Amino acid sequence: MQIKVNLKENAYQVYIDELENLEFDTKVFILSNPKISGFHLKKLLNKIKAKEIFIATIKDGEEYKNLNTIEEILNQMFNSKLDRKSILISFGGGVISDMGGFAASIYKRGIDFINIPTTLLACVDAAVGGKTGINNSFGKNLIGTFYQPKAVYCESEFLRTLGERELAAGMAEFIKMAVIFDKDLLDFIESMDEKAFLSAKCENEIFSKIIAKSIELKAKVVEQDEKENHLRMLLNYGHTFAHVIENLTKYSVYLHGEAVAIGMNMANHLALNLSLLSEKECDKIEQILKKFNLPTRYKIDNVEAFYEAFFMDKKNSNRKLNFILINSLGRGLIKGDIDPKDIIKTLKEFS
């Protein structure tokens, strides 16, 4: 299956379960991590022909998604004597995708890159859309670029080696897409056999459907708003809260999708307090998240500090907070005129 991300200047194809032999008349630099390399690198290398192939592995995890690691990647790229015709392949999860794309975007002012995601979260979200970046002490993904890949290859087979937490984390991003865009899709998720899914024993068609539907929805959004000026902000549903949680816990407690699940529930409680969402709808979303063993609660130690951290969010300007909320299942909205008292009230519910 193929889905086209139809951008005016940077259109590209997303291939689902169609990873064939790849031939390049240049150098190829593969960025991965030790775990993924151990599971899948041999298979990937058997499919690539190039003038030269270089392999770099970096430590996995959001806590390593920083400038120090980017410098390490760039040094290996320079040591490999890559030129501006060389190609970088990000082979891993969302962290690898974000950092590989960022390194490619700044190496000699930009070289081509391809995403081959190996986690569900990366397949349904990080690998498509051209957002690249790293974290720093001020927050998540505050340093980065918009830089589109030349192609994306999503293989269901790679997902078979994921653990339950990683699959659930990917499902959080899929649930996010359903809640903000497609109520029928949310009903499909509610009907899924979660035990088969979380044990990676479901049919390949389930993985393929989840990936394809997510990418179809995301592609439509990115085609209309590549640089996140308005519509694309909706894809950050749950993320405003999640990014604060991840930064406060130093990226060492929750997987990204787990933090997003908590963030969605917190955003829903804010929408509930604003009478945008009914208690029944709020509870339905929380129960679906719990169905896939995702956390929905986080204890806020300092409400004021948590609130102030919102102002580092990229959607905000001139001290005006923008939140992505739901006003019915399948309908997200950008809300920027919220009384701070209502935000504080919601945060206190989690303190």
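Please read all numbers here as calculations on a predicted model, not as lab measurements.
With contacts defined as side-chain heavy-atom distances shorter than 4.5 Å, the pair Ile215/Lys218 does not qualify. Inter-residue side-chain proximity for Met192 and Glu194 is flagged as unmet; no heavy-atom pair is nearer than 4.5 Å. A heavy-atom distance below 4.5 Å is found between the side chains of Ile180 and Ile326. Between Phe310 and Leu347 there is a side-chain heavy-atom pair separated by less than 4.5 Å. Considering only heavy atoms from C-beta on, Ile114 stays 4.5 Å or farther from Val152 through its side chain. Side chains of Ile30 and Leu44 form a contact here, defined as non-hydrogen atoms less than 4.5 Å apart. Looking only at side-chain heavy atoms (C-beta outward), Lys65 and Asn141 come within less than 4.5 Å of each other. Using a 4.5 Å cut-off on side-chain heavy atoms (C-beta onward), Ile338 and Leu321 make no contact.
Note on Lys140 versus Glu62: salt bridge recorded, some NZ/NE/NH1/NH2 to OD/OE distance being below 4.0 Å. Salt-bridge check for Lys27 with Asp83: failed, with every basic side-chain N at 4.0 Å or more from each acidic carboxylate O. Of the charged side-chain nitrogens involved, none lies within less than 4.0 Å of a carboxylate oxygen, so that Glu52 and Lys81 do not count as a salt-bridged pair. The pair Glu258-Arg165 meets the salt-bridge criterion, with a side-chain N (NZ, NE, NH1 or NH2) lying under 4.0 Å from an Asp/Glu carboxylate O. The pair Arg160-Glu157 does not count as a salt bridge, with every side-chain nitrogen at least 4.0 angstrom from each carboxylate oxygen. One finds a salt bridge joining Glu228 and Lys131 here, because a Lys/Arg side-chain nitrogen approaches an Asp/Glu carboxylate oxygen to under 4.0 Å.
Scanning both residues, Glu166 and Gly163, for their nearest heavy atoms gives OE1-N, 3.0 Å. Nearest approach of Leu120 to Leu162, heavy atoms of both residues: N-CD1, 3.6 Å. Across all their heavy atoms, Gly94 and Ala126 have their closest contact at CA-CB, 3.7 Å. Shortest non-hydrogen contact noted between Ser199 and Ala196 is OG-O, 3.2 Å. Across every non-hydrogen atom of Pro117 and Cys154, the tightest pair is CG-SG, 3.7 Å. Contact detail for Asn247 and Asn136: the closest heavy-atom pair is OD1-O, 3.8 Å.
Ring orientation note: the planes of Phe188 and Phe174 are nearly perpendicular, at an angle over 60° on the 30°/60° scale. Between Phe292 and Phe197, the angle of the ring planes goes over 60°, which puts this pair in the perpendicular group of the 30/60° scheme.
Heavy-atom neighbours of Lys85 NZ from other residues, nucleotides or ligands within 6.0 Å: at or below the threshold of 12. Within a 6.0 Å radius of CD in Glu279, other residues, nucleotides and ligands contribute 12 heavy atoms or fewer. Remark: Lys47 NZ is packed, more than 12 non-hydrogen atoms of other residues, nucleotides or ligands lying under 6.0 Å away. For Glu203, the CD atom is loosely surrounded, since the number of other residues' heavy atoms within 6.0 Å does not exceed 12. Within 6.0 Å of NZ in Lys35 there are 12 or fewer heavy atoms belonging to other residues, nucleotides or ligands. Counting heavy-atom neighbours within 6.0 Å of Lys209 NZ, excluding the residue itself, gives a total of 12 or less. More than 12 heavy-atom neighbours from other residues, nucleotides or ligands sit within 6.0 angstrom of CD on Glu18. Annotation for Lys108: atom NZ counts as buried by contact number, over 12 foreign heavy atoms lying within 6.0 Å.
Taking the six-membered ring for Trp, Phe158 and Phe91 have ring centres closer than 6.0 Å. The aromatic ring centroids of Tyr251 and Tyr64 lie 6.0 Å or more from each other. With ring centers used as reference points, Phe29 lies 6.0 Å or more from Phe54. Ring centroid separation for the pair His269 and Phe350 comes in under the 6.0 Å cut-off.
Separating the CD1 atom in Ile344 from the NZ atom in Lys348 is a distance of 7.0 Å, to the nearest 0.5 Å. Between Leu289 atom CG and Leu294 atom CG the span is 6.0 Å, to the nearest 0.5 Å. Distance check, rounded to the nearest 0.5 Å: CG of Asn115 to OH of Tyr12 gives 8.0 Å.
Hydrophobic clustering places Tyr307 together with Met266 (ILVMFWY residues linked when any side-chain heavy atoms are closer than 4.5 Å, directly or through intermediates). Note on Phe311: it does not cluster hydrophobically with Ile143, by side-chain heavy-atom contacts below 4.5 Å among ILVMFWY residues. Hydrophobic clustering places Leu234 together with Val260 (ILVMFWY residues linked when any side-chain heavy atoms are closer than 4.5 Å, directly or through intermediates).
Put simply, the side chain of Gln148 gets close to the backbone of Gly130: a donor and an acceptor are under 3.5 Å apart. Checked by atom type and distance alone, the side chain of Ser105 pairs as donor or acceptor with a backbone atom of Phe102 at under 3.5 Å. Not a single donor-acceptor pair under 3.5 Å links the side chain of Asn204 to the backbone N or O of Phe207. Within the 3.5 Å criterion, the main-chain N or O of Glu205 finds no donor-acceptor partner in the side chain of Ser208. Asn33 contributes no side-chain N or O that, together with a main-chain N or O of Ile58, makes up a donor-acceptor pair within less than 3.5 Å. Listed for the Thr249 side chain is no donor-acceptor partner under 3.5 Å among the backbone atoms of Ser252. Using modelled atom types, no side-chain atom of Lys213 and backbone atom of Leu185 make a donor-acceptor pair closer than 3.5 Å. Proximity of a side-chain donor or acceptor of Asp225 to a complementary backbone N or O of Arg232 within less than 3.5 Å is detected. Between the side chain of Asn268 and the main chain of Met264, a donor-acceptor pair closer than 3.5 Å is present. Panel note: side chain Asn66, backbone Glu63; a donor-acceptor pair is recorded below 3.5 Å.
Of the N and O atoms on the side chains of Ser156 and Asp17, at least one donor lies less than 3.5 Å from an acceptor on the other residue. Looking only at atom types and distance, the side chain of His40 has a donor-acceptor partner in the side chain of Thr161 under 3.5 Å away. For the residue pair Glu72/Thr69, the side-chain donor-acceptor check at 3.5 Å is not satisfied. A donor and an acceptor atom, one from each side chain of Ser97 and Ser90, are nowhere located under 3.5 Å apart.
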Derivation and outcome, ring pair (Phe, Tyr, Trp, His ring centres under 6.0 Å), residues Phe241 and Phe323 = CA-CA 9 Å; Phe241 294 91; Phe323 286 88; 5.6 Å; yes
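Among the candidates Lys291, Lys183, Lys284, the single residue satisfying the salt bridge (Lys or Arg N to Asp or Glu O under 4.0 Å) test with Glu190 is Lys284.
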